[in-house]
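The shown structure was predicted, so the numbers you read here are calculated from the model rather than taken from an experiment. Here is how names work: the chains are called A, B, and so on, in the same order as the sequence lines, proteins then strands, and each is numbered from 1.
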There are 2 protein chains.
Amino acid sequence: MTVTIYDVAREANVSMATVSRVVNGNQNVKPATRKKVLEVIERLEYRPNAVARGLASKKTTTVGVIIPDISNTIYAELARGIEDIATMYSYNIILSNSDQKEDKELELLDTMLSKQVDGVVMMSDKVSSSIQQAIKSSPVPIVLAGSVDEKKEAASVNIDYYEAAYEAVNVLIKNGHKRIAFVSGPLDYTINGVYKLAAYKQALQDADIELDEQLIVAGDSTYDDGIAAYEELTVVQAPPTAYFAGSDELAIALIHAAQDAGKQVPNDTEVISFENSKLARMVRPQLSSIALPLYDIGAVAMRLLTKIMNKEEVQEQTVVLPHHLEIRHSTK
Amino acid sequence: MTVTIYDVAREANVSMATVSRVVNGNQNVKPATRKKVLEVIERLEYRPNAVARGLASKKTTTVGVIIPDISNTIYAELARGIEDIATMYSYNIILSNSDQKEDKELELLDTMLSKQVDGVVMMSDKVSSSIQQAIKSSPVPIVLAGSVDEKKEAASVNIDYYEAAYEAVNVLIKNGHKRIAFVSGPLDYTINGVYKLAAYKQALQDADIELDEQLIVAGDSTYDDGIAAYEELTVVQAPPTAYFAGSDELAIALIHAAQDAGKQVPNDTEVISFENSKLARMVRPQLSSIALPLYDIGAVAMRLLTKIMNKEEVQEQTVVLPHHLEIRHSTK
DNA sequence: TTGAAAGCGCTAACAT
DNA sequence: ATGTTAGCGCTTTCAA
């Protein structure tokens, strides 16, 4: 029923090797033969079986993508970058959500490897030691996208989160604030708990502003968490006059909460975000924010993976992309 | 180097058939043998090669997912529903973006079929006749998620878009508006150009409100398009006092534009949306909206696909899920 | 309960 | 330039 390379060979009066050659664009085929074979392929609607091909060649031209949650815009944006470049290099993608669960990540990696992917791009907000171990012992290359392996052993693509966060907090400091809150996503995520937090503290210290632990509130990165954080911060003595938000949702929530409390943004209170998704322009006032090049991170990660899969030279396994500060109207 | 079923067989002093049986949970294996084999599998870290398995069994336990754009939250939400159910039934997903291009869709379908997927879930805002044709001639089942095939030949999961749109427009009518705009996404998308539009017209007609074509403005579904639409509508004679927006982004833009023009929402002008994403609660006032059960549509579509792949009885190939109206504060 | 053996559809030497 | 053939790692009859 399904037509195989053998059927084509018979119909075209050539061997299957020849058919295989024309299908794979091998130049060692007389134009006339090629033409004949191509015709038969067309007539029979022959479609090469990639599974058989994969078994014989040990290459599947598919890569695995492990993502925390595809319905989260941050990751979706990364995924788009990954997929675009994958397509460009003729790879397909097996995409699975890990929900940031370590056991799920490990399990996914295992099933992807059993499916013989040629490589994998992984996103994980906390690269545990077992994941690091799994990456090291993987038979195919794995690159981290927007995820940091503190040991820097794995190939990865990121921005300089510390530097970016420092800049953000500095905007607030420069504008004269002394009471600056850090409303963050989960602190057990490396980017938050290590880089942003350290940058926040350092920036304050460099400006001789005393650190007040009460001004650091971490939850999830959702709108509701932002609202809750505002409430929580409202009861501390000398409440914050400025907020460094870990995400756009958090920032928007902070703005709305402030406005509901009768504050003017940015006149009474300023907010700076760390993301710059399309949401940033969908609030009034529009968000000032560190701009994360999410799509690019995904794209570069996939590109890096193709290089490694092809055993090309790569001078730097841990690439750091540039970021920038997008000043709009939630800061003065 | 990589350990095969043969290595395991040798080490365990059984035939590969037996190893295959224990790997596949076949009951015809003596417990003692099973135990022995399992031990060897563990010791050798044997990982079955899914590609070889796929070739031999003609099943890959992977399904294709063709999506317009994963970075668009609507589709990302659908994708999450699909993936969750796929995981539940032990399928993996090959995910590709079509950008709503017909040739891309066809091409993706072709490569997915060549990769021997067991089925595919497809999202497409306009199911062209060549796609319909491709679906019909596909060797594996294909189900449409949140996408309508007007001929109703393909399996699909949707809500009743006409009914939903009718309800939305009716809210505005009930609130006394006579000048109701329809700010839509692309009208060549079936849901917009056929269902919503027809419902809009019918609702007006049923309320004896004269249709004014000028009040129908279609563009893309982005924030900027919403802003542009507001501007455009501002210059018509007797500008609209209420807006039926095709998406949350459009709705938010409309609200902001109205507010910038000095209007109070919902007192001066009302807006109702058609989506109800998390964005709906991230504006002030919060959006009244038709709630699309995106995740469920994806989940049910995948569930339907598993049934068809298993050749189970399905009484209805075109399932219609319930929707509801979420009234918040952008309408009175 | 277990094993032997024939494929699954293709690639990749190796010959010619 | 083309053909022959031996796998790739597994599933699945069919026998035993």
Participant: Mind listing the residues from residues 22-31 of chain B sitting with a heavy atom below 4.0 Å of DNA chain C? Number order is fine.
Facilitator: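 Of all residues in residues 22-31 of chain B, the ones placing a heavy atom under 4.0 Å from DNA chain C are B:Asn28, B:Val29, B:Lys30.
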
Participant: Does any donor atom in the side chain of B:Asp125 or B:Tyr75 lie under 3.5 Å from an acceptor atom in the other side chain?
Facilitator: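 B:Tyr75 and B:Asp125 do have a side-chain donor-acceptor pair below 3.5 Å.
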
Participant: Decide if atom CD of B:Glu42 counts as having more than 12 heavy atoms of other residues, nucleotides or ligands within a radius under 6.0 Å.
Facilitator: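 For B:Glu42, atom CD is not crowded (no more than 12 foreign heavy atoms under 6.0 Å).
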
Participant: Any side-chain to backbone donor/acceptor pair from A:Lys115 onto A:Ile94? Under 3.5 Å, distance only.
Facilitator: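 No; zero donor-acceptor contacts below 3.5 Å.
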
Participant: So what does A:Thr18 touch, heavy atoms closer than 4.0 Å: a base, only the sugar-phosphate, or nothing?
Facilitator: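 Sugar-phosphate, no base atom in range.
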
Participant: Would you mind reading off the distance between A:Met16 atom CE and C:dA13 atom C1', rounded to a whole angstrom?
Facilitator: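 Roughly 14 Å, once rounded to whole Å.
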
Participant: Please give me every residue in residues 40-61 of chain B whose heavy atoms get under 4.0 Å of an atom in DNA chain C, ordered by residue number.
Facilitator: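 Here the set is B:Leu55, B:Ala56, B:Lys58.
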
Participant: Contacts to DNA chain D from residues 3-15 of chain B, heavy-atom cutoff under 4.0 Å, which residues?
Facilitator: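 The stretch gives B:Thr4, B:Ile5 as the residues lying under 4.0 Å from the strand, ordered by number.
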
Participant: Assess whether a salt bridge exists between B:Lys104 and B:Asp99, defined as any Lys/Arg side-chain N lying under 4.0 Å from an Asp/Glu carboxylate O.
Facilitator: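 Judged by the 4.0 Å cut-off on N to carboxylate O distance, B:Lys104 and B:Asp99 do not form a salt bridge.
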
Participant: More than 12 heavy atoms of other residues, nucleotides or ligands under 6.0 Å from CD of B:Glu45: is that the case?
Facilitator: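 It does not: B:Glu45 CD has 12 such atoms or fewer within range.
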
Participant: For B:Glu105 and B:Ser124, which I'm curious about, is there any donor-acceptor pair between the side chains at under 3.5 Å?
Facilitator: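 Yes, B:Ser124 and B:Glu105 have a side-chain donor paired with an acceptor closer than 3.5 Å.
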
Participant: Report, one pair per line, the protein and nucleotides 14-16 of chain C atoms (nitrogen or oxygen only) whose separation is under 3.5 Å.
Facilitator:
none

Participant: Check whether the side chains of B:Asp110 and B:Ser114 place a donor and an acceptor atom closer than 3.5 Å, and report yes or no.
Facilitator: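 Note: B:Asp110 and B:Ser114 side chains miss the donor-acceptor criterion.
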
Participant: Thinking salt bridges, do A:Asp118 and A:Lys59 make one under a 4.0 Å N-O criterion?
Facilitator: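 Judged by the 4.0 Å cut-off on N to carboxylate O distance, A:Asp118 and A:Lys59 do not form a salt bridge.
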
Participant: Under the side chain to side chain contact (heavy atoms under 4.5 Å, CB included) test, which residues partner A:Val194, sequence neighbours left out?
Facilitator: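 Checked A:Val194 against side chain to side chain contact (heavy atoms under 4.5 Å, CB included); matches are A:Glu150, A:Thr190.
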
Participant: Within less than 4.0 Å of OP1 or OP2 of C:dT2, is there a side-chain N or O belonging to B:Thr33?
Facilitator: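 For C:dT2, OP1/OP2 do have a side-chain N/O of B:Thr33 under 4.0 Å.
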
Participant: Backbone N or O of A:Asn28 within a donor-acceptor pair of the A:Asn26 side chain at under 3.5 Å?
Facilitator: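 Between the backbone of A:Asn28 and the side chain of A:Asn26 there is a qualifying donor-acceptor contact (under 3.5 Å).
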
Participant: Any luck finding a side-chain donor-acceptor pair between A:Ser128 and A:Gln132 under 3.5 Å?
Facilitator: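 On atom types as modelled, these side chains do not qualify, holding no pair under 3.5 Å.
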
Participant: Check every nucleotide of DNA chain D for an atom under 4.0 Å from a heavy-atom of chain B, then give the first and the last such nucleotide from 5' to 3'.
Facilitator: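 In short, chain B contacts DNA chain D from D:dG9 to D:dT12.
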
Participant: So, are A:Glu39 and A:Lys35 salt-bridged, with charged N and O less than 4.0 Å apart?
Facilitator: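 Answer for the salt bridge query: yes.
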
Participant: Is A:Asn158 reaching over with its side chain to a backbone N or O of A:Ser147, donor-acceptor style, under 3.5 angstrom?
Facilitator: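 Indeed, once roles are kept as given, a pair shorter than 3.5 Å links the two residues.
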
Participant: Backbone N or O of A:Glu83 within a donor-acceptor pair of the A:Thr87 side chain at under 3.5 Å?
Facilitator: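 Answer holds: yes.
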
Participant: Are B:Glu11 and B:Arg43 ion-paired here, with the side-chain N under 4.0 Å from a carboxylate O?
Facilitator: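 A salt bridge links B:Glu11 with B:Arg43.
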
